[in-house]
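Nothing fancy with the numbering, it's 1 onward along the sequence.
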Amino acid sequence: MIPPELEAKILRLYHAEKWKIGTLANQLGVHHSVVRRVLSQAGIGEARTTTRPSIADPYVPFIVKTLEDYPKLPASRLYEMVRERGYPGAPDYFRSIVARYRPKKPAEAYLRLRTLPGEQAQVDWGSFGKLTIGKASRRLSAFVMVLSYSRMLFLRFYLDQKMANFLRAHQEAFSTFGGVARILLYDNLKSAVLERYGDAIRFNPELLAFAAHYRYEPRPVAKARGNEKGRVERAIRFVRQNFIPARRWRDLEDLNRQAEAWRLGTAADRSWPEDRAITVRQAFADEQGKLLSLPATSYPVDERVEAKVGRTPYVRFDLNDYSVPHTLVRQMVVVVATRSQVRVLDGNTVVATHPRSYDKGQQIEDASHVAELEARKRQARRHRGMDRLQHAAPNSRDLLVQLAERGGNLGSATAALLRMLDTDGADALEVAISEALEQGTPHPQAVRHVLEHRQRARGEPPPIAVALPDDPRVRDIRVRPHRLGTYDALNPKETDNEPEDD
């Protein structure tokens with residue numbers, strides 16, 4: 001609706017100043033359809049537009065007849081039909097012609113629906129932008145359920161509109177109200193209705209199982225029936241206008257605490273539409289006892305997905321990685337998540353429990369998982385070191401066995417012998433180990449003493465350690481020297497070609 005003063009100005013400038021519709025729209029800052037409506041209501045809207053001949057005039061009878069037979073035929077299809085009959089105009093202009101001659105549908109009057117206490121509730125989501133958590137941008141959505149009789153509402157914010165949160169929100173609403181309405185109306189949500197063709201409806205089977213557990217009837221509203229879902233739509237608008245503006249919160253938990261306080265305060269103390277003398281809170285007190293009682297057990301609403309553990313002991317869930325025991329690498333597991341916790345199951349056994357993160361790209365670890373993996377790696381490195389020693393110096397096995405019998409530390413002994421292997425070579429180490437065993441001193445220090453003694457006897461300088469990568473393909477290579485005489489065969493003897501002396 002526009003102010004009466006603006007309507008009067010449009011009519012005055014149109015009559016007195018002979019302004020065109022486009023000029024009126026541009027100068028007065030309104031849409032041209034508003035100008036046309038004002039002129040049409042005054043009975044003069046079409047006179048100006050029909051005075052000039054139009055390329056569509058020959059096709060008007062066909063357009064009118066077709067629209068009488070098919071009032072809902074799209075303008076795009078009608079344009080194709082007219083173009084096949086020779087119409088040369090553009091589709092944009094043609095749309096305005098179709099709008100001019102399309103039969104006007106009379107505005108439908110809706111009955112104000114009244115419900116009995118405990119009979120019905122209405123459900124819907126409301127989108128409230130994005131919420132940034134660390135590196136993640138999450139969709140902030142408000143779940144709203146309104147009891148149709150008392151107008152008591154439930155409000156809670158979630159970070160997505162997936163099925164798990166949809167059912168979880170129902171559960172929390174039922175618990176808050178202390179019961180369940182007999183009928184719940186849905187606005188053709190995908191979580192409720194998977195497919196619909198006219199009156200043929202295919203419900204989401206998970207919602208049907210949930211509804212059967214709580215013994216209520218899920219019912220989608222009819223399309224374009226504003227009176228059937230108006231209560232929840234007004235409730236969401238009430239949240240947008242009364243709760244959200246200028247509100248600050250630290251995190252989602254803080255926002256929901258404030259929403260609950262507002263719901264029990266401002267929202268519950270508003271006047272009841274059916275009787276302004278009482279509040280919604282008082283009407284709810286009358287309705288609460290007529291709700292269906294809650295079942296003895298709750299319906300399982302946790303998120304449950306199968307996932308595969310990769311090469312590292314972590315499982316990916318909802319943009320983050322959660323640690324698992326290293327024994328599950330490359331195996332399938334089941335992730336079960338609540339709003340605050342993530343559990344990993346191997347069969348029916350819980351193998352990991354973590355606090356849930358809504359950030360992105362985080363590694364949430366259990367210290368015991370990391371410690372077990374590190375211990376296994378250390379043990380594996382020790383075993384690899386022993387294998388390398390036995391391959392390079394077979395007598396090292398006897399030395400380590402005798403050292404273990406005397407209570408020696410095999411880990412430090414293996415590391416010391418490996419360092420000698422790198423600096424002195426396999427042959428020298430094998431000889432030194434043999435002498436140490438003959439002397440009855442199976443200890444790395446005795447082996448080192450033998451190596452140093454033999455180096456001094458040969459007059460050789462102390463060996464210099466070479467830093468090699470921790471890769472068995474490099475460390476386990478044994479280079480055997482070749483006889484230098486084989487290189488002499490590459491060149492002929494110089495004596496064969498020397499000239500004789502004069």
Please work out which of the three classes, parallel, tilted or perpendicular, describes the rings of [Y] and [X], given edges at 30° and 60°.
X      : Y      : answer
Phe284 : Phe177 : tilted
Tyr87  : Phe94  : tilted
Tyr186 : Phe166 : tilted

Is the shortest distance from a Lys or Arg side-chain nitrogen in [X] or [Y] to a carboxylate oxygen in the other one below 4.0 Å?
X      : Y      : answer
Arg102 : Glu68  : no
Arg281 : Asp269 : yes
Glu172 : Arg339 : yes
Glu287 : Lys290 : no
Glu260 : Arg263 : yes
Asp321 : Arg316 : yes

Residues, nucleotides or ligands: over 12 heavy atoms within 6.0 Å of [X] [atom1]:
X      : atom1 : answer
Arg240 : CZ    : yes
Arg248 : CZ    : no
Phe62  : CZ    : yes

Let me confirm one number: the [atom1]-[atom2] distance from [X] to [Y], rounded to the nearest 0.5 Å.
X      : Y      : atom1 : atom2 : result
Leu291 : Arg182 : CG    : CZ    : 8.0 Å
Gln120 : Arg231 : CD    : CZ    : 6.5 Å
Tyr101 : Ile63  : OH    : CD1   : 8.0 Å
Asn165 : Gln171 : CG    : CD    : 11.5 Å
Ile97  : Ile55  : CD1   : CD1   : 7.0 Å

Spell out, as yes or no, whether a donor-acceptor pair under 3.5 Å connects the side chain of [X] to the backbone of [Y].
X      : Y      : answer
Arg138 : Tyr358 : yes
Arg77  : Pro74  : no
Arg85  : Met81  : yes
Asp302 : Val336 : no
Tyr149 : Asp286 : no
Asp366 : Ser323 : no

* Strictly by modelled atom types, are Arg247 and Gln258 linked by a side-chain donor-acceptor pair under 3.5 Å? -> yes
* Assess the side chains of Asn256 and Trp249: does a donor N or O sit below 3.5 Å from an acceptor N or O? => no
* Asked: So which heavy atom on Ala235 is nearest to which on Val146, and how close?
  -> CB-CG2, 3.4 Å
* Asked: Which pair of non-hydrogen atoms, one from Trp272 and one from Ser150, has the smallest distance, and what is that distance?
  -> CD1-O, 3.5 Å
Answer yes if the ring centres of [X] and [Y] are under 6.0 angstrom apart, and no otherwise.
X      : Y      : answer
Tyr158 : His170 : no
Tyr14  : Trp19  : no
Phe157 : Phe128 : yes
Tyr214 : Phe174 : yes

* Asked: Looking at side-chain heavy atoms only, is the closest gap between Thr23 and Lys20 below 4.5 Å?
  -> yes
* Sequence neighbours left out, what passes salt bridge (Lys or Arg N to Asp or Glu O under 4.0 Å) with Glu217? Give chain and number order. => Arg219
* Residue among Lys162, Arg156, Gln161 satisfying side chain to side chain donor-acceptor pair (under 3.5 Å) with Ser141 -> Gln161
